[in-house]
Protein chains: 2
Amino acid sequence: MHIENVLLRPPVTASDRVLLEIQKAIVEGSIAPGSKMSEPELAKRFEVSRAPLREAMARLERCHLIERTPNAGARVVTLTPQGLLSLYQLREELEGLACRLAAENMAEDEITELRDLLNAHLQTQRVREGESYYQEAGDLDFHYRIILGSKNPYLINILCDELYFLVRMYRVQLGMNGPRVSRAFDEHKAIINAIANRDGELADLLMRRHIGASRQNIEIQLQNKGN
Amino acid sequence: MHIENVLLRPPVTASDRVLLEIQKAIVEGSIAPGSKMSEPELAKRFEVSRAPLREAMARLERCHLIERTPNAGARVVTLTPQGLLSLYQLREELEGLACRLAAENMAEDEITELRDLLNAHLQTQRVREGESYYQEAGDLDFHYRIILGSKNPYLINILCDELYFLVRMYRVQLGMNGPRVSRAFDEHKAIINAIANRDGELADLLMRRHIGASRQNIEIQLQNKGN
DNA sequence: CGCTACACAATTGTCGACAATTCTTGAGTA
DNA sequence: TACTCAAGAATTGTCGACAATTGTGTAGCG
């Protein structure tokens with residue numbers, strides 16, 4: 001049920017397929033941060049020509065997973081405290097806006113679905129206590145739906161296609177499975193209520209806090225790792 | 001003095017050159033909104049192979065100037081009231097954030113330069129009353145510097161590389177040269193003062209208003225055109 | 001007359017090879 | 001020993017041709 005790629009079509013072309021594979025590899029760290037992305041090497045490894053590979057790399061750059069310099073090649077991004085801060089500053093603002101717009105624009109049945117989703121996640125969460133993947137998937141699902149509910153195509157594009165892979169990369173590589181889980185559920189519930197009441201201002205505020213708390217959580221992990 | 005492409009390198013490669021040419025053509029309307037972007041045709045017209053052309057088109061999609069569908073090709077975007085609204089909703093939020101961050105992070109000499117810039121524009125504005133190009137360039141220059149002053153790389157990328165070409169496209173194709181010019185200068189001045197006083201909250205608010213006013217201005221033009 | 005299905009044309013996606021640029025290595029010199 | 005510079009190797013950028021897919025027009029059928 002996890003919405004993997006919102007605006008990205010099902011991998012119809014070879015470039016799409018390679019993109020998904022490399023995205024996964026980078027997010028999960030099996031291609032190490034900072035490592036060089038050699039076109040001949042990757043082309044051979046994923047069994048495609050360099051043409052679709054380069055197309056995929058262009059899209060990897062678009063979602064900030066790699067950095068290219070002309071005539072010199074590309075490297076996987078490295079995770080830094082400053083980068084995390086910059087990313088979450090943006091997320092707070094953008095997802096706050098998304099919430100406000102969702103409170104105005106979401107259809108009633110979309111809100112109902114969102115509620116059902118949260119309940120379903122609460123069930124699986126109790127059963128599979130601590131399995132961080134499901135929890136992460138559930139959280140992303142929740143955020144995705146609200147973002148889509150904003151009905152603002154540019155906002156959707158930026159958050160779902162360009163920023164969220166990096167968010168996932170930070171989470172996955174820092175191993176997010178702390179005690180924040182149950183609190184996050186409560187926060188999600190409050191946000192849904194605000195949206196259902198069409199209180200955009202409150203939904204905005206709650207989402208900003210929610211993301212702010214999430215950032216603090218990750219910052220702690222990052223500092224622990226640094227020491 | 002007009003900062004054309006902030007993060008885009010000088011056109012070192014053929015793909016870069018073609019990108020700049022097509023960007024200009026689309027923004028200025030010499031390639032009509034909604035028209036089909038035929039790869040063979042464009043490749044011949046701009047005297048490159050299809051490889052760099054496709055790379056350029058990938059980047060055009062990134063800044064929302066064209067829309068691609070796999071195996072079917074690309075079309076130039078069409079300007080709509082909804083699109084304008086979505087775009088400016090985002091801009092308000094993002095440039096507000098940029099202002100707040102700029103108030104925190106801009107160096108003193110950067111602020112001084114910004115002041116000088118505004119004064120210089122005021123001079124040329126008096127001389128060349130009504131020449132909308134300079135006025136538009138001046139306005140963009142102002143916004144660019146503040147965005148850069150935020151020191152948030154993701155924010156800079158989104159605004160300068162992905163959204164601003166569309167903003168320009170709306171302005172240029174709707175012929176923005178109304179009576180808003182002098183008011184805009186005053187608003188710019190107030191924003192600079194807030195930044196210089198390190199009052200991020202006020203700078204944020206003023207920028208949101210400034211952009212909101214700009215949106216209303218364009219909306220009027222768009223409605224006039226619709227009738 | 002309208003609809004479906006097939007074949008053809010045109011366009012997009014992919015491939016392998018060549019050109020241009022950058023990185024590396026090692027010789028030479030101060 | 002440290003530095004400069006040049007030649008070689010490797011990588012990226014570009015090209016032209018082929019494969020795969022989509023759109024179109026036409027013929028056939030209901």
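Residue numbers start from 1 in every chain, and the chains themselves are labelled A, B, ... in the order their sequence lines are given, proteins ahead of strands. Predicted model, so just to flag it, every value in this text is computed and none were measured.
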Short N-O contact, B:R62 and B:E162, less than 4.0 angstrom: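 Yes, B:R62 and B:E162 are salt-bridged.
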
Residue [X], side-chain atoms from C-beta onward, closest of [options]:
| X | options | result |
| --- | --- | --- |
| A:N71 | C:dC15, C:dT22, D:dT21 | C:dT22 |
| A:R50 | D:dT14, D:dA17, D:dG13 | D:dG13 |
| A:S49 | C:dC15, C:dG13, D:dT14 | C:dC15 |
| B:T13 | D:dG13, C:dC15, C:dG13 | D:dG13 |
| A:E39 | C:dT12, D:dG13, C:dT14 | D:dG13 |

Interatomic distance, B:R17 CZ vs D:dG13 C1' [rounded to whole Å]: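 Interatomic distance, CZ of B:R17 to C1' of D:dG13: 14 Å.
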
Any donor-acceptor pair under 3.5 Å from B:Y88 side chain to B:Q216 backbone: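 Answer holds: no.
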
Nearest-nucleotide comparison on DNA chain C, the residue closer to the 5′ end among B:P40 and A:P52: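 Mapping each residue to its closest nucleotide by heavy atoms, the 5'-most match is B:P40.
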
Output field: ring centroids A:F165/A:H64 closer than 6.0 Å: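 Centroid distance A:F165-A:H64: not below 6.0 Å, so no.
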
B:K36 side-chain N/O to C:dT12 phosphate OP1/OP2 under 4.0 Å: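 True: B:K36 side-chain N/O within range (under 4.0 Å) of C:dT12 OP1/OP2.
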
Parallel, tilted or perpendicular: rings of B:H210 and B:F142 (30°, 60°):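 Perpendicular, since the angle between the ring planes exceeds 60°.
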
